[in-house]
Asker: 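Sharing a structure, written as structure tokens. Questions coming.
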Amino acid sequence: MIARQCIEATLRVKVEVHDADGKQGAHDLKFRHEERDCAAEVKLLVDPKHREAEAKASQIGYTQDSSLKDSWTAYMEPGRRWNRALQQLPKLLAEIEALDTSGLTRPWRRGKLSEKLERLGVDDLLCVQPTEKHPPGYYVMSAPWGGGVPSIDHAVSAACSKLAGPEMAKIRKQLSAAEADERHAFLLYGWEYLEAIPLSRDEEFPTVPPELPEEVDAIWLTSILHESPVVAWLPEQGWIRAANLGTTWGNAG
């Protein structure tokens, strides 16, 4: 119950678990702060498609293939189906190895090879020399997130957009139904989001107020990256740094 501990340590109040039995429509936490009854919902932000792809990659593991000479990793585009790629990838990798690629860097990024990989949903390939642990063969896994690391203000804006979107309609409904004067959302970015990075840095701090949906009065933000700090926007105080518990967010409730 780290979210509860964080709120307690920051606001110096007693926080109770309101939804201990998983009641339909009940919010997670309740507390009283500055003579106001407060309700809070705790939510881990995850990308289901990315998590599904990671789980599938772990299930498949490393495939040894005696028709290959090297050790490969194929990175699949997010959201693409893997079945066709898994069927055709060994033949395509052997085709790449058979090419005279002297003087070329990543020959699969040009011409017909690039077109074939694109049709299969393969974002990129990595080729290394085989080892005893990884003899000739291949991994298939989800492509890592690309692009630059966003600012913490962007992380705030993105979290507010998610909070106002259809995926969090249930949370808004539960907070709206709470018998409370103030409604808090405690959100944690999963490791798959680039927005988790600025939230993991002590030197980053938001500069603009959040655009919250009408059902939410306050927001707490952090990431599940190791010992990430927490920032919170409270109606009477604006942005504050929450208490640093010096711990990871494995159990966020």
Side-chain angles (χ1 to χ4, degrees), residues 1-46 48 51 152 155-191 193 195-196 199-200 202 204-206 209-253:
M1 293 293 180
I2 300 178
R4 180 179 68 174
Q5 294 172 19
C6 180
I7 296 174
E8 286 183 335
T10 302
L11 302 182
R12 300 183 182 278
V13 297
K14 177 64 176 177
V15 179
E16 299 179 29
V17 177
H18 181 64
D19 190 20
D21 299 322
K23 297 177 182 177
Q24 184 71 25
H27 53 278
D28 294 325
L29 306 172
K30 65 178 182 178
F31 57 95
R32 189 166 176 81
H33 178 239
E34 295 184 352
E35 300 184 356
R36 293 191 298 275
D37 291 324
C38 302
E41 274 285 314
V42 182
K43 177 69 174 179
L44 172 63
L45 304 179
V46 301
R51 297 280 174 120
I152 195 169
V156 170
S157 175
C160 291
S161 295
K162 289 182 178 295
L163 193 54
E167 62 196 274
M168 294 206 195
K170 180 180 177 181
I171 284 179
R172 297 196 307 275
K173 182 178 180 180
Q174 290 177 172
L175 287 174
S176 180
E179 295 180 0
D181 305 308
E182 198 170 278
R183 296 163 176 84
H184 294 232
F186 198 116
L187 305 182
L188 304 96
Y189 273 105
W191 48 261
Y193 287 101
E195 287 84 355
L199 285 166
S200 69
D202 286 318
E204 299 273 2
F205 194 72
E211 295 184 7
L212 298 171
E214 62 180 0
E215 301 92 342
V216 182
D217 304 302
I219 188 169
W220 303 66
L221 277 177
T222 187
S223 81
I224 63 170
L225 300 181
H226 183 65
E227 295 187 9
S228 290
V230 182
V231 294
W233 192 90
L234 307 178
E236 302 299 323
Q237 298 172 259
W239 285 110
I240 64 169
R241 291 193 185 279
N244 186 354
L245 300 181
T247 186
T248 56
W249 292 92
N251 183 7

Asker: Sub-3.5 Å donor-acceptor pair from the side chain of Tyr193 to the main-chain atoms of Ala155, do we have one?
Answerer: no
Asker: Between Trp233 and Val156, does a side-chain contact (heavy atoms from CB on, under 4.5 Å) hold up when you go through it step by step?
Answerer: CA-CA 10 Å; Trp233 192 90; Val156 170; over 6 Å; no
Asker: Counting distance only, does the side-chain N/O of Arg172 pair as donor-acceptor with the main-chain N or O of Leu163 below 3.5 Å?
Answerer: yes
Asker: How long is the span from the NE2 atom in His27 to the CD atom in Gln174, to the nearest 0.5 Å?
Answerer: 9.0 Å
Asker: When rounded to the nearest 0.5 angstrom, what distance separates OH in Tyr189 from CG in Leu225?
Answerer: 12.0 Å
Asker: Rounded to the nearest 0.5 Å, what's the gap from SG on Cys38 to CG on Leu11? Could you check?
Answerer: 8.0 Å
Asker: For the atom pair CD1 (Ile171) and CZ (Arg183), what is the distance rounded to the nearest 0.5 Å?
Answerer: 14.5 Å
Asker: Ignoring hydrogens and geometry, is there a side-chain-to-backbone donor-acceptor pair from Glu204 to Leu199 under 3.5 Å?
Answerer: no
Asker: Return the CG to SG distance between Leu187 and Cys160, rounded to the nearest 0.5 Å.
Answerer: 8.0 Å
Asker: Please report the C-alpha distance between Thr10 and His33 in whole Å, then the side-chain angles of each, then the deciding distance to 0.1 Å, and finally whether the side-chain contact (heavy atoms from CB on, under 4.5 Å) criterion is met.
Answerer: CA-CA 11 Å; Thr10 302; His33 178 239; over 6 Å; no
Asker: Whether the Thr222 and Ser228 side chains hold a donor-acceptor pair (N or O, under 3.5 Å, no angle test) is what I'd like checked.
Answerer: no
Asker: For the pair Arg241 (side chain) and Asp202 (backbone), establish whether a donor and an acceptor sit closer than 3.5 Å, ignoring hydrogens and angles.
Answerer: yes
Asker: In the structure I gave you, are the side-chain heavy atoms of Leu45 and Met168 within less than 4.5 Å of one another anywhere?
Answerer: yes
Asker: Sorted by first residue and then second, give each salt bridge (Lys or Arg N to Asp or Glu O under 4.0 Å) pair with at least one member in residues 31-40; sequence neighbours left out.
Answerer: Arg32-Asp37, Glu34-Arg36, Arg36-Glu182
Asker: State, to 0.1 Å, how close Val230 and Cys6 come at their nearest heavy-atom pair, and which atoms those are.
Answerer: CG2-SG, 4.0 Å
Asker: Can you confirm whether Phe205 sits close enough to Ile152 that some side-chain heavy atom of one is under 4.5 Å from a side-chain heavy atom of the other?
Answerer: no
Asker: Quick one, Val17 with Asp28, criterion side-chain contact (heavy atoms from CB on, under 4.5 Å). Give me CA distance, side-chain angles, the key distance, then yes/no.
Answerer: CA-CA 6 Å; Val17 177; Asp28 294 325; over 6 Å; no
Asker: Tell me whether Glu8 contacts the main-chain N or O of Val15 through its side chain, where contact means a donor paired with an acceptor under 3.5 Å.
Answerer: yes
Asker: Name all residues meeting the side-chain hydrogen bond (donor to acceptor under 3.5 Å, both in side chains) criterion together with Trp220; count only those two or more places apart in sequence or in a different chain, and write none if there are none.
Answerer: His184
Asker: Walk me through it: do Arg4 and Phe186 pass the test side-chain contact (heavy atoms from CB on, under 4.5 Å)?
Answerer: CA-CA 10 Å; Arg4 180 179 68 174; Phe186 198 116; over 6 Å; no
Asker: Once rounded to the nearest 0.5 Å, what's the spacing between atom CG of Leu234 and atom CH2 of Trp239?
Answerer: 9.0 Å
